[in-house]
Amino acid sequence: MRLALFDDYRLGVVAGERIVDVTGILPAHDADPVSAGWWRALCRDFAGLRPALQAAAAAGPAVALTGVRLRAPALNPSKIIACASNYRAHVAEMHEVQHRTLGHVEDWMMNFDVFLKAPSALSGPGDDIVLPRQVLDAGQEIHHESELVVVIGAGGKDIPPGEAAGHVLGYTAGLDVTVRGPADRSRRKSYDTFAPLGPWITTADETGDPEGLVIDLVRNGEDHRQHSSVRDMITPVPAIVSYASRMMTLVPGDLIFTGAPPGVGPIRPGDVLETRISRIGSMTINVR
Ligand code: MN
């Protein structure tokens with residue numbers, strides 16, 4: 001099932017190029033995006049709500065996706081966890097990037113780990129990435145990182161890898177937009193609009209094993225920068241969920257960016273980025 005947020009934070013089920021408003025079957029809903037409780041409850045209780053969601057989606061009416069404003073399929077997550085150094089070829093290219101943007105290589109940054117990105121950086125699949133004037137004026141590079149994003153269903157603490165699948169609601173696509181240079185990751189990756197997310201959540205039963213997914217990013221319609229299989233991750237999704245949950249309680253609706261495949265590079269005002277993940281969907285995002 002494909003779950004989307006649209007217009008005034010309504011809940012929709014997407015099929016093909018159409019969407020059905022299923023908000024009416026929710027036990028609670030609030031159009032105020034500050035009120036994330038109903039969304040967290042949906043992420044936690046999805047299995048129980050699923051038959052009613054399916055019935056409402058089948059009953060319709062369905063409207064064209066082009067007639068609605070899709071929002072990021074997340075509402076005030078308690079945190080965005082993100083993975084560093086999770087594809088070998090990306091770790092290799094970061095040696096060159098750090099030489100250019102830092103003047104040296106930080107060895108500790110070449111090892112897999114998790115860090116935090118501000119939830120306020122989220123933006124929707126139809127929203128622009130806004131590059132901060134002060135960063136552009138300073139001549140710093142700002143890069144795209146097109147990543148598979150895990151959406152947490154049932155939360156938990158100290159989750160064993162073998163039980164991780166039971167804590168994943170589904171998957172979506174995200175851009176981990178990043179300033180290169182000498183500062184903490186959380187600051188360089190947390191500007192507003194530095195976390196475009198969408199176009200919707202494809203639930204885990206429909207994606208199948210995430211190892212089978214393929215991530216792409218094309219810049220300006222011709223510059224095919226990223227193309228990788230999720231199978232190439234150093235730390236696979238179940239191990240990521242387990243590792244993160246040993247440090248932080250995972251809350252329903254939390255997001256985990258699973259790390260950049262190789263091919264990251266600078267973006268500039270006027271660029272158009274198409275990010276795509278098989279079995280999920282694609283977003284085309286303008287940079288300004
Ligand atoms: Mn990243």
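Ligands are counted one by one from 1 in listed order, and the atoms in each one are counted from 1 as well. Just so you know, these numbers come straight off a predicted model, no measurement behind them. Starting from 1, each residue takes its place in the sequence as its number.
Within a radius of less than 2.8 Å around the Mn ion (ligand 1), the protein N, O or S atoms are Glu145 OE1, Glu147 OE2, Asp176 OD2.
A tilted orientation is assigned to the rings of Tyr191 and Phe194, their planes being inclined by 30° to 60°.
Of the N and O atoms on the side chains of Ser146 and Thr275, at least one donor lies less than 3.5 Å from an acceptor on the other residue. If you check the side chains of Glu141 and His143, you find a donor sitting under 3.5 Å from an acceptor. Side chains of Asn111 and Ser85: no donor on one and acceptor on the other come within 3.5 Å. Side-chain contact annotation: Tyr243 with Asp113, donor-acceptor N/O pair under 3.5 Å present.
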*What do the steps show when you test Leu213 against Leu148 for side-chain contact (heavy atoms from CB on, under 4.5 Å), and what is the final call?*
CA-CA 9 Å; Leu213 301 176; Leu148 176 70; 3.7 Å; yes
